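Note sheet for the following structure.
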Amino acid sequence: MKIIIDILMFILMLLEFSKGYLSPILHEILGIALCILIIIHLILNKSYIKNIFKGKYNTKRWIMLIINLAFLITFSISLIFGLLSSQEILKFLNIKSMTITNLHKVFSYISLIIFGLHLGINFTAMFGNIEKKINKIVIYIIDIVLIIYGAYSCVKLDILKHITGTYGFSILDGNILINILRYLSIIMILAIITNKLYNLKRKDNKK
């Protein structure tokens with residue numbers, strides 16, 4: 001159940017960053033669906049939430065807590081600003097402010113970056129069993145391809161300007177599939193690097 005919810009969240013997030021290829025009402029529907037999935041995700045992981053104030057904190061646990069909270073906060077802010085700039089389903093909430101719309105875009109991109117970090121620290125727990133069944137050389141090749149394409153996508157989409165609010169929600173270049181692949185590679189380059197560093201830190205703690 002958890003893995004299905006996580007995969008659906010991943011897919012919806014990628015689609016949300018393809019707003020330029022979607023109708024406004026579909027973008028809002030997917031946003032609401034993504035919000036519902038995240039709430040379900042939190043419910044399914046309630047044991048983690050209950051244990052936040054229990055036990056001792058080492059560097060590994062602090063990193064996980066900070067990234068998890070950062071994603072929850074930035075996504076929540078993005079959601080609130082998104083609701084306040086709704087053009088279709090909840091347009092009665094629209095306060096007609098370009099500042100609110102821009103903040104929705106900025107926090108969406110910040111949450112995208114943090115989501116990559118979040119995925120990285122949880123990647124082994126989520127997909128560790130699958131990785132064990134795949135040849136290590138194949139995994140290395142996939143990692144290298146994703147890192148190279150992810151770096152290219154960061155430059156191509158100029159992610160920094162999106163985070164600072166210089167650009168709009170997304171750049172239309174190619175088609176929706178190419179757009180999804182680019183944002184997927186950006187998330188994965190962050191996830192792969194974070195996962196490698198996180199696992200390295202775990203090995204150091206065990207010595």
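A quick note: this is a predicted structure, and the numbers were derived from the prediction, not measured.
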- Message: Are the side chains of Phe17 and Ser108 in contact, using a 4.5 Å heavy-atom criterion?
- Response: yes
- Task: Could you tell me the separation between the OH atom of Tyr21 and the CG atom of Asn175, rounded to the nearest 0.5 Å?
- Result: 6.5 Å
- Item | Expected output: side-chain His162 to main-chain Leu157 donor-acceptor under 3.5 Å | yes
- Query: For the side chain of Asn58 and the backbone of Arg61, is there at least one donor-acceptor N/O pair under 3.5 Å apart?
  - Reply: yes
- Message: Is any side-chain heavy atom of Thr101 closer than 4.5 Å to one of Phe81?
- Response: no
- Query: Parallel under 30°, tilted from 30 to 60°, perpendicular over 60°: which one fits the rings of Phe71 and Phe115?
  - Reply: tilted
- His118 side, atom NE2; Ile66 side, atom CD1 - distance, nearest 0.5 Å: 14.5 Å
- Query: Would you say Ile189 and Leu146 make side-chain contact, with heavy atoms under 4.5 Å?
  - Reply: no
- Query: Do Asn179 and Ser18 meet the criterion of a side-chain donor-acceptor pair at a distance under 3.5 Å?
  - Reply: yes
- Query: With side chains defined as the heavy atoms from C-beta onward, is the minimum distance between Leu184 and Phe10 less than 4.5 Å?
  - Reply: yes
- Rounded distance (nearest 0.5 Å) linking atom CG of Leu72 with atom CD1 of Ile67: 13.5 Å
- Message: How long is the straight-line distance from CD1 of Ile121 back to CG of Asn195, given to the nearest 0.5 Å?
- Response: 10.0 Å
- Query: Can you find a pair of side-chain heavy atoms, one from Met188 and one from Asp143, that are under 4.5 Å apart?
  - Reply: no
- Message: Looking only at side-chain N and O atoms, does Ser78 offer a donor or acceptor that is under 3.5 Å from a partner on Ser111?
- Response: no
- Task: Establish whether Val155 and Ile144 are linked, either directly or via other cluster members, by ILVMFWY side-chain heavy-atom contacts under 4.5 Å.
- Result: no
- Without swapping roles, check the side chain of Thr164 against the backbone of Lys161 for a donor-acceptor pair under 3.5 Å. yes
- Item | Ile137, CD1 atom: more than 12 neighbouring heavy atoms under 6.0 Å | no
- Applying the 4.5 Å side-chain criterion to the ILVMFWY set and letting contacts propagate, would Tyr48 and Ile3 be lumped into a single cluster? yes
- Within one Ile-Leu-Val-Met-Phe-Trp-Tyr cluster: Ile39 and Leu30, side-chain cutoff 4.5 Å: no
- Evaluate the side-chain contact (heavy atoms from CB on, under 4.5 Å) criterion for residues Ser86 and Asn94: first the C-alpha distance (whole Å), next the side-chain angles of each, then the deciding distance (0.1 Å), finally the verdict. CA-CA 6 Å; Ser86 171; Asn94 192 314; 5.5 Å; no
- Co-membership, hydrophobic cluster, residues Leu181 and Tyr109, 4.5 Å side-chain: yes
- Leu119 side, atom CG; Ile187 side, atom CD1 - distance, nearest 0.5 Å: 7.5 Å
- Nearest-0.5 Å distance, CG of residue Leu190 to CD1 of residue Ile113: 5.0 Å
- Query: Would a line drawn from the ring center of Phe107 to the ring center of Phe75 be shorter than 6.0 Å?
  - Reply: no
- Hey, quick one: are Val145 and Ile134 part of the same hydrophobic cluster, counting side-chain heavy atoms closer than 4.5 Å, chains of contacts allowed? no
- Query: Is any side-chain heavy atom of Leu90 closer than 4.5 Å to a side-chain heavy atom of Leu93?
  - Reply: yes
- Indicate the atoms forming the closest heavy-atom contact of Asn122 with Met64, along with that distance. OD1-CE, 4.2 Å
- Between the side chain of Ser185 and the main-chain N/O of Arg182, is any donor-acceptor distance below 3.5 Å? yes
- Message: If you apply the rule side-chain contact (heavy atoms from CB on, under 4.5 Å), what do you find for Glu28 with Gln87, and how did you get there?
- Response: CA-CA 9 Å; Glu28 292 184 17; Gln87 298 175 7; 4.0 Å; yes
- Checking Tyr57 side chain against Ile52 main chain: does a donor-acceptor pair fall under 3.5 Å? yes
- Message: Could you check whether atom CZ of Phe53 has more than 12 heavy atoms from other residues, nucleotides or ligands sitting under 6.0 Å from it?
- Response: no
- Message: Quick one, Leu112 with Ile163, criterion side-chain contact (heavy atoms from CB on, under 4.5 Å). Give me CA distance, side-chain angles, the key distance, then yes/no.
- Response: CA-CA 10 Å; Leu112 175 79; Ile163 293 174; over 6 Å; no
- Query: Do the side chains of His104 and Ile80 get nearer than 4.5 Å, heavy atoms only?
  - Reply: no
- Do Cys35 and Leu79 have side-chain heavy atoms sitting under 4.5 Å apart? yes
